Amino acid sequence: MTQMTENEVVSLAELMIVAASEAWRDNGEILASGIGVIPRIGASLAKLTHSPELLMTDSEAFLVSEPVPLGARGDYQPKYEGYLSFERVFECVWGGKRHAMIGPTQIDRWGQTNLSSVGPYDKPKSAILGVRGLPGNSINHINSMIVPNHGPRVFVSGEVDMVSGVGYKPERWAPGMKQDFVDIRLVVTDLCVMDFGGPDHAPRVKSLHPGVSFEQVQAATGFPLLQAPGMGETPMPTAGQLAVIRRMDPHNLRALQLKGNPPAVRTAAAA
Amino acid sequence: MALNKELSAAQAVSQLRDGMTLGIGGWGPRRKPMALVREILRSPLKNLTVVSYGGPDVGMLCAAGKVKKLIYAFVTMDAIPLEPWFRKARESAAMDVMELDEGMFEWGLRAAGMRMSFLPTRCGLATDVLARNPSLKTIQSPYGDGEVYLAMPALKLDAALIHVNEADRLGNTLLRGADTFFDHLYARAADATYVSTEVLRERFELDADTAKQNPFERYLVKGVVHAPLGAHPTYLGPDYGWDMDHLKRYNASATEEGGWEKYVAEFVAPGESEYLAKIGGPERAAKLKQPVF
């Protein structure tokens, strides 16, 4: 175990960034939109390593040939290669040329997501942001999800309180509605990586993070999970990947994403 | 043709009526016509239907009890993700809502601007946007594919409020920011568009490159209000950044006892010139950093 010393300092957030970057592998020449710190570094890592064909923006209005580091930029100048206003992003969405990763408030067993409100719709217990672009994104292009706090409040037992992003629940789809473009890929959490690749899009665990058991994931999830064939351990970041992550996140914002910034390898006590 | 469309903010707001459907340009905490919103806060105007990619514009109108119905896809201040007064209004069921996908919202404005009753889209199908808005209907393609779409109804506006970098007295406008959002669609969807502007010119004399920053035709503009720092505390690229200190102060008003009344007494009621003095005027605005995303 010569790598142990190095692994001990790798954070869970960094492991999740590497897992997130895998979502964009072999997507082809599309727009990669990682919303939030871990997804954005994940998309940047994908573009800078295995998938240079991805398009990315400066998170405002311009396409850049090189992912822009997070936070205050110092004298870094974004490398503009084109323009992508919000209006053009919508056109990109409707054309299906995008893969977004966001962090919904709730996710259900059908892959439906909620970013609108929790509790009764007419008088919610908690109003969040609104459905934003989730209805359009989810029905038009590839989507993945990030969950920094895997638990039954996120992975609810029934349907999400306000279906903002579509999923695979047959009753939601009336005859003639085109479901063909719905394509939910990865759900990267602080415990595991999941997908909806089981029979009839059943949710399943693809890989467990080091030190996490399937039973632990199931206990933290409001619906039954399958084990994907060959379910293994989520890979640790390589030294090369860590170097890219540090370059993309010079202010270490990733350390603030998970409570207590835990290490990638959980100790027996922590598990 | 009106050779001079200049109005004071109070004159512009006096042309609005109770119960109107009002579109507000910008996006979240970006380039909101806040000077006009503050003027509405000072006015007796009420029972508004507000149509907005919402930020503190929506929150302040909610706090003041001006909103009968909100048509929106989100309300946020980005760096402060949860808009406090929108949340309060929503969680106390103080207003009716029509919650839409961002793209449906655009489609609704577009339909209104094109004088269509609706435009078809896939956005919103199979979600609670459809289930929670019984007024939304679907429509089947008349062609061989037979696909079923959501028929997004036109979002017709009685008036639109938009803040721009520069305008002239005829109602010609320039938007210099990296993204002009969907303001041109608000202008087209409205019976009357009122523009507030950082800089007011007599007549534009532009070179071709600058003229490309003109987002919509002057025939859409009914009134032009000279309102320097009129987007504050939201940001106006490239002129000034957002005022995070002020947004935090506003955000805190939602958790203080009588917080909104105190905010109004300090910043709104005394009038716009007092407001500009209190926020530190152009000197401080020049130091507000453009946000980095």
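Keep in mind that what you see is a predicted model, and the values were worked out from it rather than measured. Heavy atoms only: backbone and side chains are in, while hydrogens, waters and symmetry mates are out. Below, chain A is the first sequence line, B the second, and so on; all start at residue 1.
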Practice task
Between chain A and each of B:Val129, B:Thr76, B:Thr180, count heavy-atom pairs under 4.5 Å; write down the option with the most.
Solution key: B:Val129
Fill in the blank from the handout: Max heavy-atom pairs within cutoff under 4.5 Å with chain A, candidates B:Glu99, B:Lys289, B:Lys88, B:Glu147, goes to B:Glu99
Exercise for the section: Please determine if B:Asp128 and A:Arg172 form a salt bridge, counting it only when a charged side-chain N lies under 4.0 Å from a carboxylate O. Expected result: yes
[X] side-chain N/O to [Y] backbone N/O, donor-acceptor pair under 3.5 Å:
X        : Y       : answer
A:Arg132 : B:Phe74 : no
B:Glu106 : A:Glu87 : no
B:Asp179 : A:Ala61 : no

Contact winner vs chain B - [options], heavy-atom pairs under 4.5 Å:
options                      : value
A:Tyr83, A:Trp173, A:Trp94   : A:Trp94
A:Lys125, A:Glu171, A:Lys169 : A:Lys125
A:Ser138, A:Ser126, A:Ala174 : A:Ser126
A:Pro120, A:Pro124, A:Ala72  : A:Pro124

Is [X] close to chain A through its backbone or its side chain, or both, or neither, when contacts mean heavy atoms under 4.5 Å?
X        : answer
B:Phe86  : side chain
B:Ser141 : neither
B:Leu150 : neither
B:Phe182 : side chain
B:Tyr149 : neither
B:Ala131 : side chain

Please name the pair of heavy atoms, one in [X] and one in [Y], separated by the smallest distance, quoted to 0.1 Å.
X        : Y        : result
B:Val97  : A:Tyr121 : CG2-OH, 4.0 Å
A:Ala127 : B:Glu91  : N-OE2, 2.7 Å
B:Leu125 : A:Met177 : CD2-CE, 3.8 Å
B:Asp101 : A:Pro135 : OD1-CD, 3.4 Å
B:Pro81  : A:Leu129 : O-CD2, 3.2 Å
B:Arg30  : A:Phe86  : NH1-CZ, 3.4 Å

Mark yes when over 12 heavy atoms from residues, nucleotides or ligands other than [X] sit less than 6.0 Å from its [atom1]; otherwise mark no.
X        : atom1 : result
B:Lys68  : NZ    : no
A:Arg153 : CZ    : no
B:Asp145 : CG    : yes

Handout entry: Stepwise side chain to side chain contact (heavy atoms under 4.5 Å, CB included) check, A:Ile128 with B:Leu82
Key = CA-CA 6 Å; A:Ile128 311 164; B:Leu82 302 173; 4.0 Å; yes
Handout entry: Part of A:Arg88 lying under 4.5 Å from any heavy atom of chain B
Key = neither
Exercise for the section: Can you measure from CZ (B:Arg132) to OG (A:Ser117) and round to the nearest 0.5 angstrom? Expected result: 8.0 Å
Handout entry: Sub-4.5 Å side-chain heavy-atom contact between B:Cys123 and A:Asn140
Key = yes
